[in-house]
Amino acid sequence: MNAPAQHPPAVRTTCPYCGVGCGVLAKPDGRGGAVIAGDPEHPANFGRLCSKGSALGETLALGSRLLHPMLRQADGTMAHASWDAALDKAAEGFARTVAQYGKDSVAFYLSGQLLTEDYYVANKLMKGFIGSANVDTNSRLCMASSVAGHRRAFGADTVPGTYADLDEADLIILVGSNAAWCHPVLYQRMVANKRGRGARLIVIDPRRTATAEDADLFLPVAPGMDTALFAGLLVHLADKLALDYEYIDAHTTGLPEAMARAREIAPDVMATANSTGLAPADVVEFFAMFAGTPKVVTCFSQGVNQSAQGTDKVTTIINCHLATGRIGKPGMGPFSLTGQPNAMGGREVGGLANQLAAHMNFGHEDIDRVGRFWNASSMAQREGLKAVQMFDAIERGEIKALWVMATNPAVSLPRAGHVREALSKLDLLVISENVASNDTVNAKAHILLPAAAWGEKDGTVTNSERRISRQRSFLKLPGEAKADWWIVTQVAQRLGFADAFKFTCAADVFREHAALSAFENNGTRDFDIGALAAISDTEFNALVPVQWPARAGAPLDDTRFFADGKFYTPDGKAKMLAPEMPRPQAPVTQEFPFRLNTGRIRDQWHTMTRTGLSPRLGAHLPEPFVEVHPDDAVAHGLTPGGFARVSSPYGACVLKVVITERQQRGSLFAPIHWSDETASAARVGSLVAPANDPYSGQPEAKASPAAVAPVAFQSRGFVLSRARVALPEGTWWARAAVAGGEGLLIASNDAPEVWRERAAALFGREVEIAEYIDAPRGSYRMAAFVDGKFAGCLFVGPAEAAPQWDAVKVMFEGESIGEAQRRAVLSGKSTDGLADPGPVVCACFGVGLNVIRAALADGVAGNVEEIGKALRAGTNCGSCLPELKRIVSDGRVPQTA
Ligand code: SF4
């Protein structure tokens, strides 16, 4: 009798994408993958996952992974090396650079994707032992303005509230946050409050995003004018006697100065309306809703943070909450929604160039305290270079050696083209990475170190509500990959700091991190997890999500800060500050008359190195695009579905055109995700101006001057292939994962005959070809078969009637296809008689736009609920619900973010 199959138990871990920090149950399938489900016991998500989290099981393949240490050779090629050789080389390179050029000639650039333990060790090495504070992180691009706003107002980088406040609020204001797409599970929690308790939702954003679909009031504020709106609100609250003077007197300072500046900026409703571009009636309604609702939570995200005045925007929001005493109590408070999975953990360990570990600063006492705790041999004495400054210093040749961990600055930083060039000037570029190829890796790295990826890593992350959760490994480390904390520890030991870097496991690092948080703290610092400083390895392995503070001797309850009205400033009072006058960012000019806003789309994450592996996620918005208002499209000769060259003083991209009234006149929007790995000309970071916030150093990514012009292509089409294919120079392309291989959406000016000549070579000479050409109509289609199996296809047609790939993709999923399907491939139509499903709207169940529209047209469904019943769309993760709502309400194609 056969023994019953052994099924490994599901492992409790945490999603690696956004700052919501959802708990995940991962059940290894024994073939290197895993079945993924939401963890019903995790307090961040109670079992829910969004489309990205649900598709994690599709992203675990090793095809794109960096699996071995690699060293650059004299001829410029990379060659496999042993770990010892690679680590020796890295340590020797940093030591030599410091000896020759000084300790500030080296830098680390880290990531909100790192675990807290990885972050802690890297920060300790640079700030305590190399002696420089040149350690910054891609979180600088994400929430540095929130950090600066918190520290200025509260005396510490404290997020006061918890997710439970979103359940209890009667009014939720989302400022510069497309939470429906960027924090979907949390957003659905807000919507549940709206449906269940009648909470109202206000969305403030220059773009009418998916988040606005559920809003009771949508305020399309002019780019960068949030400060004026909240200054106007403060004035209104004062004039309507809606301020809480008892709270103000007892717990704050600075109201007179803040109020005087607010009156300068926005003295009344009309002035506010004029500055913000909003209708006066909408301003009045917003003011009245805030004034009349004690339980109000104001959530803010990248639209506030990614600004040259981001800290001031945060300040004006906080001012309104302090002036009404709406902070530190259930259902109210300012709430920064963190972008990355562990941006908060990075802040805890001081992974920013202007912070020390455990929320300490570069004051003499803190430098001394951290130095004593670490027994540091060379403690940094001053702040280091923030991200943009750091890469400027590399460009100038002042930083000679850089270690990049788990991030892709050649794509994500402003002036990304310049950044990539600057990287190639370094004497030493070390990169710890999951992937073998990305725009940063390809910028002439000297040493590549294979790092553990999600599913293999083991440690902790902290989400937006200060909740520390375990990321647990459930897959074996592939190839020679190692944990980041181990890699840094090995280099530290080789640099001569073995005594301070004796860590043998993630729990070792965590215990030291926790102990430092409590060291000489006595309640003077917000971040204190001393209760966890002595946990055993077993307890660390079993650690359930815990919210900080977790002080030794205190109960481990969920906590809201500032309930007692005490803050971390020297006088214990919160500071209300006067913002600068809102001013135009980098000015638009005749040559660059638009403001370019950048952001994310629903189903992709950062530079797509993980989400780009999922066919489900790739089906939603597979091409890089630019959104343009209809009037601007007419004025600049742009056509729907055509292409545009979007340019700025720093670079240019060619993007698909989406014309929509959701975009304001004079503004453009383009998503950030595509790189040279995934598209021919869509590095949107290369367009972004290097304008930084003076307090946070966070770059302005939402209002760069830009120009737009049409680009004509004669033909468009697609390629489906089992392996990567190379397209001829001059072809516009965008790559998307498809089941069974990969897909390329293409556009070109080559005639069908030219494509026919090169077609067979795309798939190898040994293929059997079926083809169809209609030269007068500009159409060519071919399918390649090997031993009767569907190896790939190329469809090219006139640009105005481009062939669609949805039906062909279905046939391509399995290698072997039946005779009928084989005959039908070139028709581009489904063989089962079903209509083309159209672009995917519901990623969980693969429901296409055409199917939804047909259900509405046929009367099968009349609203979102009925679409769910009939087609299942929107019934799993809920990420597509705003789009379904939009399709029902206005019948327009939900093409964009
Ligand atoms: S909301 Fe989605 S992306 Fe964010 S943590 Fe949850 S599952 Fe992951």
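Computation of the quantities below employed the complete heavy-atom set of this structure, encompassing side-chain atoms and omitting hydrogens, waters and symmetry-equivalent molecules. Order of appearance sets the numbers: ligands from 1, and atoms from 1 within every ligand. Keep in mind it's a predicted model, so treat the numbers as computed, not measured.
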Closer than 4.0 Å to some heavy atom of Gly21 - which atoms of ligand 1 meet that?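 Listed by number with element, the hits are 5 (S).
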
Which of the numbered atoms in ligand 1 are below 4.0 angstrom from a heavy atom of Tyr17?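 Near Tyr17, meaning under 4.0 Å from one of its heavy atoms, ligand 1 has 3 (S).
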
Judged by non-hydrogen atoms, does Asn45 sit under 4.0 Å from ligand 1?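 No heavy atom of Asn45 comes that close to ligand 1.
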
Nearest neighbour in protein (non-hydrogen) for atom 5 (S) of ligand 1: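 Atom 5 (S) of ligand 1 sits closest to the protein heavy atom Cys22 N, 3.4 Å.
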
Establish, for the pair Arg189 and Tyr163, whether the NZ or CZ atom is under 6.0 angstrom from the six-membered ring centre and no further than 45 degrees off its axis.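 No - Arg189 does not lie over the ring of Tyr163 by the 6.0 Å and 45° rule.
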
Is the distance between atom 6 (Fe) of ligand 1 and the nearest N/O/S atom of Cys50 smaller than 2.8 Å?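 Cys50 does not place any N, O or S atom closer than 2.8 Å to atom 6 (Fe) of ligand 1.
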
Centroid-to-centroid, Phe540 to Phe510, below 6.0 Å?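 Yes, ring centres under 6.0 Å apart.
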
Can you check whether Tyr17 and Trp454 have ring centres sitting under 6.0 Å from each other?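 Not under 6.0 Å, so no.
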
Would you mind telling me if ligand 1 is within reach of the side chain of Cys15, the backbone, both or neither, using heavy atoms under 4.0 Å?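 Cys15 to ligand 1: side-chain contact only, backbone stays beyond 4.0 Å.
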
Can you tell which of Gln547, Arg467, Glu168 makes a side-chain contact (heavy atoms from CB on, under 4.5 Å) with Thr162?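 The residue from Gln547, Arg467, Glu168 that satisfies side-chain contact (heavy atoms from CB on, under 4.5 Å) with Thr162 turns out to be Gln547.
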
Quickly, which of Lys295, Arg200, Arg197 forms a salt bridge (charged side-chain N to carboxylate O under 4.0 Å, His left out) with Asp170? Name it, please.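 Option passing the salt bridge (charged side-chain N to carboxylate O under 4.0 Å, His left out) with Asp170: Arg197.
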
In this structure, which one of Arg470, Glu117, His513 forms a side chain to side chain donor-acceptor pair (under 3.5 Å) with Thr460?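 Single side chain to side chain donor-acceptor pair (under 3.5 Å) partner of Thr460 among Arg470, Glu117, His513: Glu117.
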
Closest to atom 4 (Fe) of ligand 1 among Cys18, Ala44, Pro184 (heavy-atom distance):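 Looking at heavy atoms only, Cys18 sits closest to atom 4 (Fe) of ligand 1.
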
